[in-house]
Amino acid sequence: MAEAKKKNIFSRIVSFFRACIGEIKKISWPTMSATTKNFGIVVLVIVVATLLIFALDMGLFKLLSLFMETGTTVLDTAGELATEVAP
């Protein structure tokens, strides 16, 4: 039995691009209304997540301020001891 002869490189490239075009034709693209709806959902989720993270940050900041004693020392931006905090 004779072995099948390999196609040359150019015919393989052409058949690859024909297969790609055939697959692209099978794609089901979303409608404009579906795209707009999905965009709105993404923006809404981002806003809700931002508000939740902001609320958590502020809540933890308030909780931390409850535990800080009055008159404690504070470090400045260089990490050196600064003046005492007055109530």
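Cluster note: Ile9 groups with Phe10, Ile13, Phe16, Phe17 through ILVMFWY side-chain heavy atoms spaced under 4.5 Å, whether in direct contact or through intervening members.
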Scan the side chains in residues 18-27 for donor-acceptor partners under 3.5 Å anywhere in the protein, sequence neighbours excluded, and list what turns up.
from: Glu23; atom 1: OE2; to: Lys26; atom 2: NZ; distance (Å): 3.2

Identify each donor-acceptor pair in which a side-chain atom of residues 39-64 lies under 3.5 Å from a protein atom, sequence neighbours left out, and give them as a table.
from: Thr50; atom 1: OG1; to: Ile46; atom 2: O; distance (Å): 2.7

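The list of salt bridge (charged side-chain N to carboxylate O under 4.0 Å, His left out) pairs with a residue in residues 27-44, not counting sequence neighbours, is empty.
By the side-chain contact (heavy atoms from CB on, under 4.5 Å) test, Ser11 is found to be paired with Lys7, Asn8, residues two or more places apart in sequence or in another chain being considered.
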